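Treat the numbers as computed from the prediction; the structure is a model and nothing was measured. Just so we're on the same page: letters track the sequence lines, and every chain starts at 1.
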Protein chains: 2
Amino acid sequence: MQNSFTEENYLKIIHALSGRDGGEVSTNALAESTATRAASVTDMLRKLAEKGLINYKKYQGVTLTEQGEKVAIKVIRKHRLWEVFLVEKLGFGWDEVHDIAEELEHIPSEVLVEKLDTFLGHPKFDPHGDPIPDAKGNLTEPDYKVLTDVQIGEKVRMMGVLDHAPSFLQHLDRSGIKLGSIIQVKEINEYDKSASVQIDGGESLFISLEVSKNLLVQRR
Amino acid sequence: MQNSFTEENYLKIIHALSGRDGGEVSTNALAESTATRAASVTDMLRKLAEKGLINYKKYQGVTLTEQGEKVAIKVIRKHRLWEVFLVEKLGFGWDEVHDIAEELEHIPSEVLVEKLDTFLGHPKFDPHGDPIPDAKGNLTEPDYKVLTDVQIGEKVRMMGVLDHAPSFLQHLDRSGIKLGSIIQVKEINEYDKSASVQIDGGESLFISLEVSKNLLVQRR
DNA sequence: TAAAAAATTTAGACTAGGCTAAATTTTTTT
DNA sequence: AAAAAAATTTAGCCTAGTCTAAATTTTTTA
Ligand SMILES: [Mn+2]
Ligand SMILES: [Mn+2]
Ligand SMILES: [Mn+2]
Ligand SMILES: [Mn+2]
């Protein structure tokens, strides 16, 4: 049978929280991410386990089954493809598309997704630098590093963000930092770990530790 | 407050059933169109009346209030714009898009609709020839006539369909009849009212009364 | 114009998802 | 190794939307 919006959201969130290692996700973590109460999460977990989408033993946390993983990845694929559409075709800013994609990701129809993918030219990454799973369900997370791990003097390329909040993305816009930007770390302040960086060889600017922690970059 | 998917569907269906004259719609008609039972319709009508979206007095049938009409027209606008997108941009056939648009029409976000409209070049009609309401909520139904009302010898242009069923649309595809086709009525059989017509000056074909009744055309 | 038929509403119940408060289990501290 | 704290589950309840069966109102028919 079909999965509901709510079930799909749970699966997607379990996928995100269990990380690349596929570790157990706690009831409380899910309650936080779904903005519901722990008791409600427990109910849903029973149902998802019933449907064979998660492995769940009371008090032990949950992981996705193979089947649950497949569903989660399909939702993620749709979410990211729609984000590309919204930015590339409709002209939305990267800070505006998350909530809309959160709805569009639940529109059923395999053929719709594949036609959309073709229309967009089979993009590999979404507007935030996140990888788009392919039609077969393969999702490979590139191993970028965080800007805080970059040495002084090093030049790296901006590849993505950890924080997807509109306020953070807008802050990057105002700082002139975007996907593909070349960032050279000039100096790091001992006191607050803020950094002085140069973007695309332009003028220097200061960025806080909070910002550095949320920038994914790649050595070139 | 926001209206639910279900509420939006009811409003849209009430709009369709009350026709250009805005007449009362019966509980049973709604039950049929929503594929629910009359008792369920009654419950929903109480709720919609409560929200000021319909005029409802027990046993009297319903009409849309001005506010309800506005909501219905917004949903119709979204439905038809998404259908244009699916056909023009993604390459779906006109027989394949209705169910998908039935879901997409409920995605909220005014700005999404307006950007989509711009992206599509402000289309005036959807793939079935139905008029698309403008951003202000103006919806003007062109007054086409049905092919059964066309005299022998007359040449008309195919402008739309009354039946939107995939099977009917596919039948038209196989017959080579599409929006914009020039149809000349050659002969009408007394017995079953089937007609012999010529499409775009090509070879003649027979169409049944059932087909003629569902073709909207315009004198040229 | 009264009886029969049809349409509609009311009553009572169910499922999905959610909540609060209380009970239970696990984990952390002493 | 208890006791205390934190996490999780259970119990009981709520709303939206749906259903069936019964009651009521309107419409049709005789
Ligand atoms: Mn979602
Ligand atoms: Mn994204
Ligand atoms: Mn719909
Ligand atoms: Mn249409």
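Under the ring pair (Phe, Tyr, Trp, His ring centres under 6.0 Å) criterion, His128(A) pairs with His164(A), sequence neighbours left out.
In this structure, the side chain of Glu8(B) does not engage the main chain of Phe5(B) through any donor-acceptor pair within 3.5 Å.
Contact between Val97(B) and Phe92(B) at its shortest, heavy atoms only, is CG1-CB, 3.5 Å.
Val41(B) is listed as a side-chain neighbour of Tyr10(B), based on a closest heavy-atom distance under 4.5 Å. Residues Gln218(B) and Val156(B) fail the side-chain proximity criterion, which asks for heavy atoms closer than 4.5 Å.
Figure legend: Lys89(B) and Phe85(A) shown without cation-pi pairing, the cationic atom not lying both under 6.0 angstrom from the six-membered ring centre and within 45 degrees of its axis.
With respect to Asp134(B) and Arg77(B), no salt bridge is recorded, no charged nitrogen being found less than 4.0 Å from a carboxylate O. A salt bridge links Glu110(B) with Lys74(B): the distance from a Lys NZ or Arg NE/NH1/NH2 to an Asp or Glu carboxylate oxygen falls below 4.0 Å. Salt-bridge check for Arg80(A) with Glu105(A): failed, with every basic side-chain N at 4.0 Å or more from each acidic carboxylate O.
The CG atom of Asn3(A) sits 13 Å away from the P atom of dA16(C) (whole-angstrom rounding). Atom CD of Gln60(A) is separated from atom C1' of dA7(D) by 12 Å (rounded to the nearest Å). Remark: P of dT10(C) and CG of Leu45(B) are 11 Å apart, rounded to the nearest angstrom. The nearest whole Å value for the distance from the NZ atom in Lys57(B) to the C1' atom in dT9(C) is 17 Å. Taking atom CG of Leu30(A) as the reference point, atom P of dT9(D) lies 10 Å away to the nearest angstrom. Glu32(B) places its CD atom 16 Å from the C1' atom of dT8(C), with the value rounded to the nearest Å. Straight-line distance from the CZ atom of Phe5(B) to the C1' atom of dT18(D): 18 Å, rounded to whole Å. Taking atom CD of Glu50(B) as the reference point, atom P of dT15(D) lies 14 Å away to the nearest angstrom.
Taking only side-chain nitrogens and oxygens, Thr27(B) comes nearer than 4.0 Å to OP1 or OP2 of dT9(C).
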Between protein and nucleotides 10-14 of chain D, what N or O pairs are separated by less than 3.5 Å?
| residue | atom | partner | partner atom | Å |
| --- | --- | --- | --- | --- |
| dT10(D) | OP1 | Lys58(A) | NZ | 2.6 |

Set out, line by line, the N/O atom pairs under 3.5 Å between protein and nucleotides 2-6 of chain D.
none

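When each of Ala29(B) and Glu7(A) is assigned the nucleotide of DNA chain C bearing its nearest heavy atom, the one mapping closer to the 5' terminus is Ala29(B).
Out of dT24(C), dT8(C), dT18(D), the shortest distance to the side chain of Ser26(B) is found at dT8(C).
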